[in-house]
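These values consider heavy atoms only, across backbone and side chains, with no hydrogens, waters or symmetry-generated copies. Residue numbers begin at 1 in each chain, while the letters A, B, ... track the order of the sequences.
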There are 2 protein chains.
Amino acid sequence: MHGFHGTSMRDLAKAIELAPSALYASFPSKEHVLAELVRLGHEAHLAMFRKAVLDGGSDPADQLRALVHANAVMHATYPHIAVVVNDEMHVLNAELAAPGLARAPSGIAMLMDIIERGIAMKRFVARHPMVTAGAIGAMALRIPYWFGPSAGITIEELAAAQAALALDMVGVAR
Amino acid sequence: MHGFHGTSMRDLAKAIELAPSALYASFPSKEHVLAELVRLGHEAHLAMFRKAVLDGGSDPADQLRALVHANAVMHATYPHIAVVVNDEMHVLNAELAAPGLARAPSGIAMLMDIIERGIAMKRFVARHPMVTAGAIGAMALRIPYWFGPSAGITIEELAAAQAALALDMVGVAR
DNA sequence: GTCTATACCACGATAGAC
DNA sequence: GTCTATCGTGGTATAGAC
């Protein structure tokens, strides 16, 4: 909740009821703890993306719906790891960030691919693929900051609504 | 670039070529520096929102287009202050955050108002106003993290594209 | 692998001269 | 209002016993 610099090794140790020094038996430094979280998050995220696209079959609209739906479910179900992966990764130095970065481009690239394939197939009429992809990705990225039990909607309703919005954005008739 | 906890008073002092202690002549604490930035940012943001809605006239679609356009321009033109206001405000304690929070709800409330008025007037067909408002707001919030001179589009193109996407999301025909 | 103890350093903030 | 100098705290990380 307080970011990398706002969370101390003493905080981490207290949370798992260990002495601070015990952490160094598993991680060489505080940065390595974050790097491992980022790596795990990216791995899970990429696996989810791949599965969603497969589940979406061959129609770009179905693929986009499946991808946005799954992405929303993931961000609503695991908001903490989503925030760590998206917002804290940039504090890692190049070497430690590499294992995560190697997977990150695949996510946005898959979204862009679907959009551009949909346009090529005349299934979508998006006018600006990059801005559209950014807007679709942004919807999910903000979920951890407002969605919760008090939001008054279920995860399924949220995911379905965001999937519908994504289809609106690429010009697929409702 | 490194957040509140990742930026020291010594960093701030070096940036303006002053001794660290000289900062305390203007601000009682590091938190007060952030609070002032957040207050200024919220003030400017709210003024922009109000002007945009007025410029949009009485049609909800024109209002929404004007608001999203202006919001995108602001986030692309002043990305640093946008990040500070949106992402760092939460580290302030309740007392210091109050002047900013007093203005924050007005922004999202104005967006919700426009959407719900558009639905009531049968100008919009948005199915889920809250999720839609969140998605529209999210587009702008992410701008500082990807938009820049190397993005290959102008601020005007970006703003126009996001305004069009917002209209898509509320079901106004292109 | 865990503990206690501690080294070493950067942090926010203050004191007091100018 | 700015400086130099410094205080006290809490940070990451290590040493060495068990």
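- For the pair A/H2 NE2 and D/dG10 P, the computed distance is 16 Å after rounding to whole Å.
- Judged by distance alone, with hydrogens and angles left aside, A/R10 brings a side-chain donor or acceptor within reach of the base of D/dG11, the pair sitting under 3.5 Å.
- B/S29 comes within contact range of the sugar-phosphate backbone alone, with a heavy-atom separation under 4.0 Å but no base atom that close.
- Rounded to a whole Å, the CD1 atom of B/I16 is 12 Å from the C1' atom of D/dT2.
- Candidate nucleotides D/dT2, D/dA13, C/dT2 were compared by shortest atom distance to the side chain of A/K30, and D/dA13 ranks first.
- In this structure, OH of B/Y24 is placed 19 Å from P of D/dA5, rounded to the nearest angstrom.
- A/D11 and A/H2 form no side-chain donor-acceptor contact under 3.5 Å, judged by distance and modelled atom types alone.
- For the OP1/OP2 pair of C/dA10 and a distance below 4.0 Å, the side-chain nitrogens and oxygens of B/S8 include no atom meeting the criterion.
- Separating the CZ atom of B/F27 from the P atom of D/dG1 is a distance of 12 Å, rounded to the nearest angstrom.
- Whole-Å rounding puts the B/D11 CG to C/dC11 P distance at 6 Å.
- Taking NZ of B/K51 as the reference point, atom CG of B/L46 lies at 14.0 Å (rounded to 0.5 Å).
- Each of C/dT4, D/dT12, D/dT4 was ranked by its minimum atom distance to the side chain of A/S21; first place goes to C/dT4.
- Backbone-only contact: A/A22 has heavy atoms under 4.0 Å from sugar-phosphate atoms and none from a base.
- Atom-to-atom, CE of A/M9 to P of D/dT12 comes out at 7 Å; the value is rounded to the nearest Å.
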